[in-house]
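This chain uses plain numbering: 1 for the first residue, then up along the sequence. Worth saying up front: this structure is predicted, and the values here are computed from it rather than measured.
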Amino acid sequence: MTKEWDIKMGVKELLKYAGTVCCLMAAETVVRIQPEIRTVLVSVTDEVPILYDFLWGMIIIAVLQMVPSKKIRCAVYGILYAFLCVFLFSEYIYCRIFGRIYGVYTLQYAGEANDFAGMVWSYFDGASWGLLGILVILGIAGGFFTARFQRLSADWKKNLFYGGFVILFCTAGIRGIPKLFKETANTDQGPITYTYKKTIYTEWIDNKRALCMFGAYEFLARDVHLAFLGKQVSEEDLAAVEAYFSEDHRSKNAMTGALGGGKNLILVLMESIDDWLINEETMPTMCRMMEEGITFPNMYTPIFGGA
């Protein structure tokens, strides 16, 4: 009878753990599949973001399981979920406005949002409030399960051991997943890179595809990691750059010598501005310079997104 009761109790506790993990996974998934964020390169049932979400959910459960007091555990869960909810919802609103996902470096410009609060508020329509409502409901459901699951042991040392083991196991899984990604394929037109998870994960040059391919939780963790530790530049890359700049790439064309004879050359580089602002009302001097000087409309900018 005691053995049967222990098994039933264990199953009930596992279901409570699973309930919290499922709520965390569902919160991330419901944001990632929004039309403004999702990409055709990743299906809703793709196993990679689902696996990442599960492993990060298990890490959160392991941390909560080590908290001795139920009240403190619920408070920790509430603070953590509130942070994740704000992150997920802000990414959704940001993507609706700019068509891309922000990274950690973008947060240094968060203060500028005050100047455009009215415009940002205009994006809070029925779809936005509905999504926010779903996130809140999932958070409450996760809190319901968190408040009711029991610790694995009354001994804090054992709980620390069990939780640490789960965290190490899940961390190893998170670090090992990228090793399973396929290598970039080469074709007659060159390598196809932007569709491959390995390239996106290694180069980290497209936040929107990264979030869709690996899930919001892994995106947040890796983006923070790269922001503070930085990406390492290999010796091969440095040698390639030095070799390129050591060569003479100058060539003559139809514009060679056009600015001779005492003419002045004024180069104007504008950052964080869109072309619709260049008009007679806001920038009359700029418009005159464009009309009287030489304009290069066929330009190239080596950035991924931006004005």
Side-chain angles (χ1 to χ4, degrees), residues 36-37 39-41 90-123 184 187-195 199-200 202-211 223 226-227 230-231 233-234 236-307:
E36 296 84 357
I37 296 179
T39 172
V40 295
L41 299 175
S90 62
E91 287 286 15
Y92 167 73
I93 295 295
Y94 188 90
C95 193
R96 289 192 63 181
I97 298 174
F98 297 103
R100 58 184 184 270
I101 297 298
Y102 72 81
V104 174
Y105 283 117
T106 309
L107 295 178
Q108 61 183 313
Y109 307 109
E112 298 180 5
N114 294 329
D115 299 331
F116 309 98
M119 184 268 290
V120 174
W121 185 255
S122 67
Y123 284 86
T184 303
T187 65
D188 295 337
Q189 290 76 33
I192 304 176
T193 59
Y194 66 92
T195 60
T199 301
I200 299 297
T202 303
E203 301 296 333
W204 210 254
I205 55 177
D206 192 322
N207 287 346
K208 190 173 183 179
R209 287 198 176 104
L211 187 144
D223 197 51
L226 293 176
K231 288 186 279 190
V233 180
S234 65
E236 293 77 8
D237 292 337
L238 291 175
V241 172
E242 292 176 356
Y244 177 84
F245 284 106
S246 65
E247 301 175 2
D248 188 355
H249 297 278
R250 292 177 295 180
S251 62
K252 293 184 178 181
N253 53 49
M255 298 299 295
T256 302
L259 298 176
K263 294 182 179 180
N264 293 322
L265 173 62
I266 301 176
L267 297 178
V268 180
L269 172 64
M270 293 186 297
E271 186 178 6
S272 300
I273 188 173
D274 271 323
D275 54 3
W276 57 269
L277 284 172
I278 306 175
N279 53 62
E280 293 290 346
E281 181 180 358
T282 57
M283 294 187 175
T285 304
M286 181 66 66
C287 291
R288 180 178 177 181
M289 292 175 64
M290 293 175 64
E291 293 173 357
E292 298 179 359
I294 301 175
T295 304
F296 300 92
N298 187 19
M299 52 85 70
Y300 170 78
T301 175
I303 62 173
F304 300 88

Q. Got Ile101 and Phe98 here, is their nearest side-chain heavy-atom distance under 4.5 Å?
A. no

Residues at least two apart in sequence or cross-chain that pass side-chain contact (heavy atoms from CB on, under 4.5 Å) with Met286, listed by chain then number, are Val268, Met270, Ile278, Met283, Met290

| query | Is atom CD of Glu280 surrounded by more than 12 heavy atoms (other residues, nucleotides or ligands) closer than 6.0 Å? | reply | yes

* Measure from the side-chain N and O atoms of Asp223 to the backbone N and O of Gly103, and report whether any donor-acceptor pair falls under 3.5 Å. => no

OH (Tyr102) and CD1 (Ile97) are apart, to the nearest 0.5 Å, by 11.5 Å

dist Thr199:OG1 -> Arg209:CZ (nearest 0.5 Å) comes out at 11.0 Å

- prompt: Would Lys208 and Cys95 count as a side chain to side chain contact (heavy atoms under 4.5 Å, CB included) if you check the C-alpha gap in whole Å, the side-chain angles of each, and the deciding distance to 0.1 Å?
  reply: CA-CA 9 Å; Lys208 190 173 183 179; Cys95 193; 4.0 Å; yes

dist Ile294:CD1 -> Met289:CE (nearest 0.5 Å) comes out at 12.0 Å

Rounded to the nearest 0.5 Å, the CG atom of Asp206 sits from the OG1 atom of Thr39 at a distance of 8.5 Å

Closest non-hydrogen atoms of Tyr94 and Thr106, given as atom of the first, atom of the second and distance, are OH-CG2, 3.8 Å

Output for pair (Asn207 CG, Arg100 CZ), nearest 0.5 Å, gives 9.5 Å

Glu292 meets the salt bridge (Lys or Arg N to Asp or Glu O under 4.0 Å) criterion, sequence neighbours left out, with Arg288

